[in-house]
Amino acid sequence: MSVSSSTQGKQVKFYPSSSASSDSDDRSDLTEPLYIDPNLYVDIGNGDYCCPASPTTVPGRIVSSNSLESPARTTTPTRPARRQRTTSVNSQSTTANPAECIIRANNRTIYTAGRPPWYNCAGQQVEPFVIGVCGGSASGKTTVAQKIIESLSVPWVTLLSMDCFYKILTEKQHEQALLNEYNFDHPDAFDIDLLVEVLTKLKEGRMVEVPIYNFVTHSRESKTKTMYGANVIIFEGILAFHSTEVLKLLDMKVFVDTDADIRLARRLKRDISQRGRDLSGVLKQYLTMVKPSYANYIAPTMAHADIIVPRGGENKVAIHLIVQHVHTQLQLRGFKLRETLVNSYKDQPMPDSLHLLPPTPQIKGLHTFIRCRGTSRDEFIFYSKRLIRLVIEYALSLFPFKTTTVETPQGVLYEGKRMGSRKICGVSILRAGETMEQAICDVCKDIRIGKILIQTNRNTGEPELYYLRLPKDIKDYKVILMDATVATGAAAMMALRVLLDHDVPEENIILASLLMAEIGVHSIAYAFPKVRIVTSALDPEVNEKFYVIPGIGNFGDRYFGTEPSDDYL
Ligand SMILES: Nc1ncnc2c1ncn2[C@@H]1O[C@H](COP(=O)(O)OP(=O)(O)O)[C@@H](O)[C@H]1O
Ligand SMILES: O=c1ccn([C@@H]2O[C@H](COP(=O)(O)O)[C@@H](O)[C@H]2O)c(=O)[nH]1
């Protein structure tokens, strides 16, 4: 067995990401109020709710919650990235099989795991690691792929099968197929151009529509399946290594080498029980086409393999080696985001993109109210609202204004200013950012509001995207992204990445927050230097429980009157 890495840290071109397209609100009016069943993390389907996932995208872990708690985002430089939240999270967190992560109800699909970061600390999209799994029919390719997924414990893995790319048959070819006389094991049976297109897009983190193949009817279903970029993509198929173009897209090549008699036995069983065939038909196809094609086209491609896995899925040593290698590669690609953010940018000067409200006695006075632990909830809301209003007004003042002249009731001309663009959109990071929506609606007529729900994964410590709803044409808007507090900046970074993935120019975004930790400002400014950051106070630290220090406490709990938990945000 040989292991070699064909992976380098590659920087890819930036495209609208997978997470983007399908989540947009495709109506032209304002986004409607959001109602999420608090027992569910995310609800996808019927065009209303959406999350970057697909039936073949396999979140490795399941985390249950019955709360829409705002994501915990603070962390400390001295503490490892693994974080917990103070929300009413069901403490059960188990490795789930793919099916357990997906609940289907009526025509809705509910995903119980969110999307972890798909970019690095510099905010740049990170290429997924692509594993190609090749081998004869029924050699155990799918089984090996599934074992890799189970052992990887990586939150987001996409499994793509070459079978999806069988060409659409002509009538004549279809008749041949029914007589077991069409050669499905020849390279010409596959639409390689479409395969390359799909795999390339997935590698760029973009959303794709993948054909669904029906082995019983030898045809494509009318529906397609939506797949999204992932941290790891596994591509499996009998001719996975045949095309040089496909080979170039694979970071690791695994060949499953199983005895021909075992393959035939498995194939007989499977094709008769699952693919609507009979014994003589399977044997005829095997002897005339499957077997010769294996010898001519599949076996020779074993030479491309980095790892040859004898016996398939039962070969635990080989699967362990593959998994170890993938983990190393993911670490190199920077998927452990929060961990890195925590230890970056210490003792650096504040960036120019930071716009701190002048610390006037009025601002200090408002902070004194909301920071005081003894402030009652109604007073907390009252003074927070005043402060939010000031922050929002300040943020708006940073957008371009143009000179305009009006006539006063006295008939005298007055030279004033008018905002350069009427296209302004507020996007709140749920839950705490929602408290800022009213202020922006009060001061901006016709404003549109988008929402992004991000929560922290208790196992990985990483933020995960669960829900987003944005105006379809958000790219044409100036956007004020709102969150009440920013600590490490990991959640705000994810929200910013989502906006950029929706083609909103960086310079058109302002991140507005009541309170920010210095470390969060650095993280965001480094990754997105053109995003302007507006806050009414800057605090120097985050403590071991990930609160900003001196801080404000859990803003969401204090504002919404929910019970604070005993430990972390
Ligand atoms: N190690 C194994 N032992 C017994 N049966 C297996 C093993 N690996 C796979 N199979 C069975 O063989 C059939 C083909 O396996 P699969 O992984 O789908 O192969 P492929 O993807 O290469 O066609 C399936 O029915 C599967 O359950
Ligand atoms: O319509 C079809 C399409 C494919 N086949 C056979 O399937 C295998 C590939 O699937 P595996 O899951 O990799 O075994 C290939 O050998 C084709 O012969 C088919 O019979 N009919």
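Every number for a ligand or one of its atoms is a count from 1 in the order of the listing.
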Enquirer: At the 4.0 Å heavy-atom cut-off, does Y182 count as touching ligand 2?
Expert: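 Contact check Y182 vs ligand 2: negative.
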Enquirer: Residue-level breakdown please: for T142 versus ligand 2, do any non-hydrogen atoms fall below 4.0 Å on the side chain, on the backbone, on both, or on neither?
Expert: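 The answer is neither.
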Enquirer: Strictly inside 4.0 angstrom of atom 19 (O) of ligand 1, do you find any protein heavy atom?
Expert: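 There is a protein heavy atom less than 4.0 Å from atom 19 (O) of ligand 1.
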Enquirer: Step by step, would you call L249 with K203 a side chain to side chain contact (heavy atoms under 4.5 Å, CB included)?
Expert: CA-CA 8 Å; L249 296 169; K203 225 179 151 160; 4.2 Å; yes
Enquirer: Kindly say whether P310 contributes a backbone atom to a donor-acceptor pair with the side chain of N315 at under 3.5 angstrom?
Expert: yes
Enquirer: Flag atom 3 (N) of ligand 1 as yes if some protein heavy-atom distance to it falls below 4.0 Å, otherwise no.
Expert: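 Looking at atom 3 (N) of ligand 1, one finds that a protein heavy atom does lie closer than 4.0 Å.
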Enquirer: Please lay out, stage by stage, how H218 and F184 fare under the test ring pair (Phe, Tyr, Trp, His ring centres under 6.0 Å).
Expert: CA-CA 10 Å; H218 308 287; F184 288 101; 5.2 Å; yes
Enquirer: Can A138 be said to touch ligand 2, with heavy atoms closer than 4.0 Å?
Expert: yes
Enquirer: For M289, which part has a heavy atom under 4.0 Å from ligand 2: side chain, backbone, both, or neither?
Expert: neither
Enquirer: Below 4.0 Å from ligand 1: does a non-hydrogen atom of G135 turn up there or not?
Expert: no
Enquirer: Could you tell me if any non-hydrogen atom of K141 lies under 4.0 Å from any atom of ligand 2?
Expert: yes
Enquirer: Mind checking whether T143 has an N or O less than 3.5 Å away from an N or O of ligand 1?
Expert: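 Between T143 and ligand 1, an N or O pair is found under 3.5 Å apart.
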Enquirer: With the threshold set at under 4.0 angstrom, would you say E236 reaches ligand 2 through any of its heavy atoms?
Expert: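 No, that is not the case, since the closest heavy atom of the residue is not under 4.0 Å from the ligand.
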Enquirer: Which protein non-hydrogen atom lies closest to atom 7 (O) of ligand 2, naming both residue and atom, and how far is it?
Expert: R275 NH1, 3.2 Å
Enquirer: For ligand 1, is there an N or O atom under 3.5 Å from any N or O atom of S139?
Expert: yes
Enquirer: I'd like to know if the side chain of D259 and the backbone of I262 have a donor-acceptor N/O pair within less than 3.5 Å.
Expert: no
Enquirer: Does even one non-hydrogen atom of G312 get within less than 4.0 Å of ligand 1?
Expert: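 Distance cut 4.0 Å: G312 fails for ligand 1.
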Enquirer: Below 3.5 angstrom, do we get any N/O pair linking S137 and ligand 1?
Expert: no
Enquirer: Between G313 and ligand 1, is there a nitrogen or oxygen pair with a distance under 3.5 Å?
Expert: no
Enquirer: Any non-hydrogen atom of Q285 lying under 4.0 Å from ligand 2?
Expert: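 Q285 counts as a contact of ligand 2 under the 4.0 Å cut-off.
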Enquirer: Which of the numbered atoms in ligand 1 are under 4.0 angstrom from any heavy atom belonging to E314?
Expert: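 Once the distances to E314 are compared, the set is 1 (N).
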Enquirer: If you measure from each non-hydrogen atom of R270 to ligand 1, which part falls under 4.0 Å: side chain, backbone, both or neither?
Expert: side chain
Enquirer: I want to know if ligand 2 touches N214 in the polar sense, i.e. an N/O pair below 3.5 angstrom.
Expert: no
Enquirer: Please classify the K291 to ligand 2 contact at 4.0 Å (heavy-atom distances, strictly less than): side chain, backbone, both or neither.
Expert: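 No part of K291 is near ligand 2 at this cut-off.
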Enquirer: Mind checking whether S161 has a heavy atom under 4.0 Å from ligand 1?
Expert: no
